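Before any comments, here is the structure.
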Amino acid sequence: MAKLNMVEALNLALKEEMSRDERIILLGEDVGRLGGVFRVTDGLQALFGPNRVVDTPLAEAAIVGTALGLALGGFKPVPEIQFMGFLPAALDQIICHVSRYRNRSRGRYTLPMVIRLPYGAGIHAPEHHSESTEAILAHLPGLKVVIPSTPYDAKGLLVSALRDPDPVVFLEPKRIYRAVREEVPEGDYTIPLSTAKIVRAGDAVTVVAWGSMVREAVRAAELVAPEGIAAEVIDLRTIAPMDDETIVASIRKTGRGVIVHEACRTGGLAAEIMARIQEKAFLSLAAPLERVTGFDTIVPLLKLEDYYLPDPHRISRAIRKVVRF
Amino acid sequence: MAKLNMVEALNLALKEEMSRDERIILLGEDVGRLGGVFRVTDGLQALFGPNRVVDTPLAEAAIVGTALGLALGGFKPVPEIQFMGFLPAALDQIICHVSRYRNRSRGRYTLPMVIRLPYGAGIHAPEHHSESTEAILAHLPGLKVVIPSTPYDAKGLLVSALRDPDPVVFLEPKRIYRAVREEVPEGDYTIPLSTAKIVRAGDAVTVVAWGSMVREAVRAAELVAPEGIAAEVIDLRTIAPMDDETIVASIRKTGRGVIVHEACRTGGLAAEIMARIQEKAFLSLAAPLERVTGFDTIVPLLKLEDYYLPDPHRISRAIRKVVRF
Amino acid sequence: MNLAEYDPLRGRRVEVLDFTGNIIAPDVRPDDLSDDYLLDLYDRMVFLRVADQQALTLQRAGRMGTYAPTLGQEAANIGSAAVLQEGDWVVPSFREMGAMLLRGVPLQLIYMYWMGSEWGSHFPENVRVLPICAPVGTQTLHGVGLAWAAKLKGEQTVTLIYFGDGATSKGDFHEAMNFAGVFQTPCVFFCQNNQYSISVPRSTQTAAPTLAQKAIAYGFPGVMVDGNDILAVYAATKEAAAHARSGRGPVLIEAQTYRLGPHTTADDPSRYRSAEELKAQEPYEPLPRVRLYLEKKGLLTPAAETERWERYQTLVKEEAKKAEAAIPLRPDDIFDYHYATLPPYLAHQKDYLHRILASSGEGTDGQA
Amino acid sequence: MNLAEYDPLRGRRVEVLDFTGNIIAPDVRPDDLSDDYLLDLYDRMVFLRVADQQALTLQRAGRMGTYAPTLGQEAANIGSAAVLQEGDWVVPSFREMGAMLLRGVPLQLIYMYWMGSEWGSHFPENVRVLPICAPVGTQTLHGVGLAWAAKLKGEQTVTLIYFGDGATSKGDFHEAMNFAGVFQTPCVFFCQNNQYSISVPRSTQTAAPTLAQKAIAYGFPGVMVDGNDILAVYAATKEAAAHARSGRGPVLIEAQTYRLGPHTTADDPSRYRSAEELKAQEPYEPLPRVRLYLEKKGLLTPAAETERWERYQTLVKEEAKKAEAAIPLRPDDIFDYHYATLPPYLAHQKDYLHRILASSGEGTDGQA
Ligand SMILES: Cc1ncc(C[n+]2csc(CCOP(=O)(O)OP(=O)(O)O)c2C)c(N)n1
Ligand SMILES: Cc1ncc(C[n+]2csc(CCOP(=O)(O)OP(=O)(O)O)c2C)c(N)n1
Ligand SMILES: [Mg+2]
Ligand SMILES: [Mg+2]
């Protein structure tokens, strides 16, 4: 089986699904001839032609808004927003329409579409190229929001997203686009949406993360393991609708929790997870839940960027803190 | 002293501050000749002329984006977005620029401006006219977000916002625009931003709310009072940066808390408040915190709208639940 | 007619029937628009006007929410949608009740929408009309996407996209027009320029002397038409639709009309426009000129005219009653249409609502 | 020159100096652009080119982040900003290093920005240039606001707003142009049409044959200019600025140039454009034609030319060193500039970062 990085795994998923389902159309800035600025769509225009892999003018609202029309017209569009920093230009279409069409029309009109979106910091990119505003998306009823953290999951989740009858926003952590390789099978397999995954078992503390923070959380778990702390690490994988049962079950076992995200702290998704845990497992909690997050600041430009992101050291400190409470 | 409703109190605040500070300019759709669709700017164009109270073309991004330029050019613009449902069109300018200019330029450029925004449900308005997405704004570093709940506070807070050196988003709960009258003095008084207010004292449970939910929370407190439950109701007033100290101090006293908002539940601001409480007052908590919120759905059109909003009955049930835990 | 002859930069607009009921440009009138067909279209205009009045009555009686009237815009509504064929799409803004009715949306549903029920946008399967769109201008992109889909599928259909003069100021309008030009999508952009965006007059909306000339920015034709002249609207839209259908790309039509009523039932136009201005516009409204023409042709008698209005008054009242009766007050509906499958947390919230509704206010179960 | 003579619909564009160094339209050349001044502007073009090459070198050496080169766009950069006067504003996109330098931003700061420090946008107080703007097109609205402010204050200043061909597709560009037209703000919209938006060619960006004609949609003049001809750029921008300054409203300039380098240092243009295409463009690049002209006039000798390039190579290296030395690696900076006063929770987070940095990894204090 081929060892692929996440970019290759996503590319494979798109290629296989586009062969399977003629209704799939990719559209966005530079997705065609160039194959995307990260090469996720590399080679697909040559394979499927310029009508199915479409280079668009520079206009995020139009990319999403016309994709909506394409979906109503019977296609399964996969619009790409080049960086999450440029998502806000498309938020009007997403908030007012993409997330609402099914409900607004009581099911008469539905929108199978997958909005792809590289996101996150850690690659020393320019201003506006390191954003992680997934909490905004998770607050919108009617959307599904998926974030893979490994090449294998990336393929399986993207295929599920492409087969979902409802709009999915698919966030790709660009920091691990090429950072990891693992075996990714060709052909059909899927990972169901809204299922979290225990990536490392433990009984002392539950650590919840997603995207590029999963790797950091696992490293933190490794850091504290020699101290006799067995941390259970959960990769949330879909942030909306969220599989809180897996989290709550783990917390019932461990009694302690640390939530990690790179997005800024206030109003980030850790807050929601903490709220659900204390709603559903209050009496199991032996210590306050901790969150390790980006600061409540704009992501710094590259010279200070490394100070911003949660890392194994910070996570391990939080783990020790809740364990020793 | 005159008894004013919130619309009149806001109008008075604008009038007085515009007389005091020539740099203030109002701009937006229908704010001039019509005086705003809710009449908040009524009479101001006649008083200050069409250069200071400007009817703009229909374009929310432009209203906020040119306001940013006006601020850089030495003015203190007060852009109005006609309904929060149309805020998403301006979010790109707010997220990418309004909240960042000071930090991006290390203080070289600053943006004194107040974005006014009627928000919330409960007036049986058409589709897209009942939104309450304040959690999105509170997640953005660099912004301040203010929500008054009474005419008196509305004036005092708006004056503070207008004198603030940084961008403030000012959310006006249209459900209580004309629902309450109280004495509102002419002339100078301010209410500092980022200070919550205890609107009803109690020692059994802390209820936190803002905007139109404060009235509902107080009514719920009145409902449970005969049962011997003394609920302390806190009006948050500024949701970012938030005065969590007042909340935490109250929880330390009561050991129990209910957070109320009309926005949808997942990722709403209640989650952040719950996270902070359990971070800062974990050992004081005698029961899980409860939240009473809108559902994780689009706000229904008017026929079903009344099922959507939290009301004194729902809040009182949550109060009883945490008290009897 | 030839679109190219109506270069907006040279100030020409399409006009066929003047307000006294005389045909002033017989050559522009399309062949298929016979006097009989015109009578049929007049019939629809009357129906629209009566349905509109009924909505205002319902709103005043508290039986309907805020409503956006079409008064004065009947020709623009009907004349444009009348050119469509089977398989074509209508993408409305919120002031196109006439176009929606003509393309098969039952009046009952439109009333249900304004009465505040999402079921009002649950159109019959065979009706190719998108739901009413409140956020101004955003729907233009959906229309371009629909047209693009038709093109990719090799369908010979056209998408007719409606919006107002105010919408032309929005970024979405620009992006939609530009995508339509680039991908040569078979659509017609139909601007109902009713001279106002709530209180803001057309002159404040843009410094361009015409809206039609905005098409030049996107490399396709734009044309002005007397929007109160149903024959002109029909002629121009027919030509534009033929243009788009044959693969020659999109067209922008600026239909110059006038909003005779308030912006919505929540609006008070006396604050921003004079009684004189309104009065001066009344002679140009779209119905009398068609009536005069048809009367001259002997196709319409005063008796038939009276009968028509009365019949429709009865009919729309029935539709209103049916609408009210048909709106289900099911709290479940709040939850059941967000996803194909109800996720557990929404099932839980639905359950909570049921318990709340069942409770006397003394229950102990919380929402979480 | 007269802007009205260059109606883009008739295909005319402003051209003064051809690529062999001959003046082909002496009457268009403005009076104040003497040969001496041209030599000065050439000097700035050379400086820009050297500073640009140095940035590429720095980037390749890992001393700078992703960088967007200006290679080939020196005439558009310098010729436009050169017409500005004291008090005028420049609103850049991200490919205007030349214009920024000319208006007083120290090269050191621009390098600091691309090296990844916010201090690179902390311009000196007297410099009227906005920070580099990454989100395409969004800055056009800020420029209109600035110009509007100047108008309201009664200043006779002009705001020069830069953006690329790709930016013309964005909604913000549309809304900015429209507001500028409606409020007659004194600004010049300067489009550096370098034929590409990353990999997307100009022909895919819009179906309009020219970008200049987009001005028609907003009721003000648009003009095409040979963007590689500094005399033409100067002439057109000067005229446009005079137009705006005198209260006659905004102007759009489409400067037709060509991006000779990659989009940014992260780009690989060989994937989307041929070596032949690039080669065919090289003769038209902006520097040689000015050099040839000045040589013919006896104002430039090969020796002086060599000396200039060498001098600038030394200078830009110094600026690069100064930039690196000047970037403070203060974690406090992450927090200190979000509000005029540091709120308690940010003070707390700053404190946490200090503790993290001080800790050996064995600390027990959490972040909360
Ligand atoms: C994006 C957006 N902003 C504001 C509003 C509030 N609003 C509703 S209709 C309207 C005016 C629309 O004018 P126009 O496009 O000319 O259409 P008309 O109402 O005249 O038919 C406004 C400002 C809205 N619905 N959407
Ligand atoms: C809103 C937005 N979308 C996407 C990007 C990514 N991006 C950066 S530059 C660019 C192309 C810009 O093209 P153009 O406007 O012609 O300017 P040029 O780079 O050619 O100078 C793109 C797509 C961005 N910065 N902003
Ligand atoms: Mg209108
Ligand atoms: Mg370009």
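Chain identifiers are assigned alphabetically (A, B, ...) following the order of the sequence lines, protein sequences preceding nucleic acid strands; residue numbering begins at 1 within each chain. Keep in mind that what you see is a predicted model, and the values were worked out from it rather than measured.
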What's the shortest heavy-atom distance between [X] and [Y], and which atoms?
X: D:I356; Y: A:R314; value: CD1-CG, 3.7 Å
X: A:K303; Y: D:L329; value: O-CD2, 3.8 Å
X: A:A59; Y: D:S169; value: CB-O, 3.6 Å
X: D:I132; Y: A:E127; value: O-OE1, 4.2 Å
X: A:L301; Y: D:S117; value: CD1-C, 3.7 Å

Side-chain donor/acceptor of D:Q349 to backbone N/O of A:D296, under 3.5 Å: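 Looks like yes, one N/O pair under 3.5 Å.
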With sequence neighbours excluded, tell me which residues meet salt bridge (Lys or Arg N to Asp or Glu O under 4.0 Å) with D:E254.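 Once residues adjacent in sequence are excluded, D:E254 has no partner under the salt bridge (Lys or Arg N to Asp or Glu O under 4.0 Å) criterion.
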Can you check side-chain contact (heavy atoms from CB on, under 4.5 Å) on D:S197 and A:E29, steps first, answer last? CA-CA 9 Å; D:S197 167; A:E29 297 155 13; over 6 Å; no
To the nearest 0.5 Å, what is the distance between [atom1] on [X] and [atom2] on [Y]?
X: D:M64; Y: A:H124; atom1: CE; atom2: NE2; value: 15.0 Å
X: A:T297; Y: D:I334; atom1: OG1; atom2: CD1; value: 6.0 Å
X: D:I198; Y: A:Q82; atom1: CD1; atom2: CD; value: 4.0 Å
X: A:L302; Y: D:W114; atom1: CG; atom2: CH2; value: 11.5 Å
X: D:R271; Y: A:D30; atom1: CZ; atom2: CG; value: 11.0 Å

Below 4.5 Å from any heavy atom of chain A, which atoms of [X] appear? Answer side chain, backbone, both or neither.
X: D:D267; value: side chain
X: D:I327; value: side chain
X: D:Y67; value: neither

Apply side-chain contact (heavy atoms from CB on, under 4.5 Å) to residues A:R265 and D:Y345 and explain how you reach the verdict. CA-CA 10 Å; A:R265 187 178 187 81; D:Y345 67 98; over 6 Å; no
Would you please go through residues 37-51 of chain A and name the residues with a non-hydrogen atom below 4.5 Å from one of chain D, in numerical order?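 At a heavy-atom separation under 4.5 Å, chain D is reached by A:V37, A:R39, A:D42.
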Heavy-atom contact with chain D under 4.5 Å, split by part of A:I298: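 Both backbone and side chain.
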Region of A:Y307 that comes under 4.5 Å of a non-hydrogen atom in chain D: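 It is both, since atoms from each part get that close.
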Can you check salt bridge (Lys or Arg N to Asp or Glu O under 4.0 Å) on D:K170 and A:E60, steps first, answer last? CA-CA 8 Å; D:K170 284 282 293 181; A:E60 283 75 14; 2.9 Å; yes
Worked verdict on D:L357 versus A:H313 for side-chain contact (heavy atoms from CB on, under 4.5 Å): CA-CA 10 Å; D:L357 295 175; A:H313 175 50; over 6 Å; no
Judged by modelled atom types alone, do D:T204 and A:D55 share a side-chain donor-acceptor pair under 3.5 Å?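 Absent: no donor and acceptor within the cut-off.
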Sequence neighbours excluded, which residues qualify as ring-ring contact (aromatic ring centres under 6.0 Å, His included) partners of D:F335?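 D:F335 satisfies ring-ring contact (aromatic ring centres under 6.0 Å, His included) with A:F295 only.
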Run the side-chain contact (heavy atoms from CB on, under 4.5 Å) check on D:V200 and A:L58 step by step: do they pass? CA-CA 9 Å; D:V200 178; A:L58 200 166; over 6 Å; no
Under the side-chain hydrogen bond (donor to acceptor under 3.5 Å, both in side chains) test, which residues partner A:R33, sequence neighbours left out?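 Counting only residues at least two positions away or on another chain, A:R33 forms no side-chain hydrogen bond (donor to acceptor under 3.5 Å, both in side chains).
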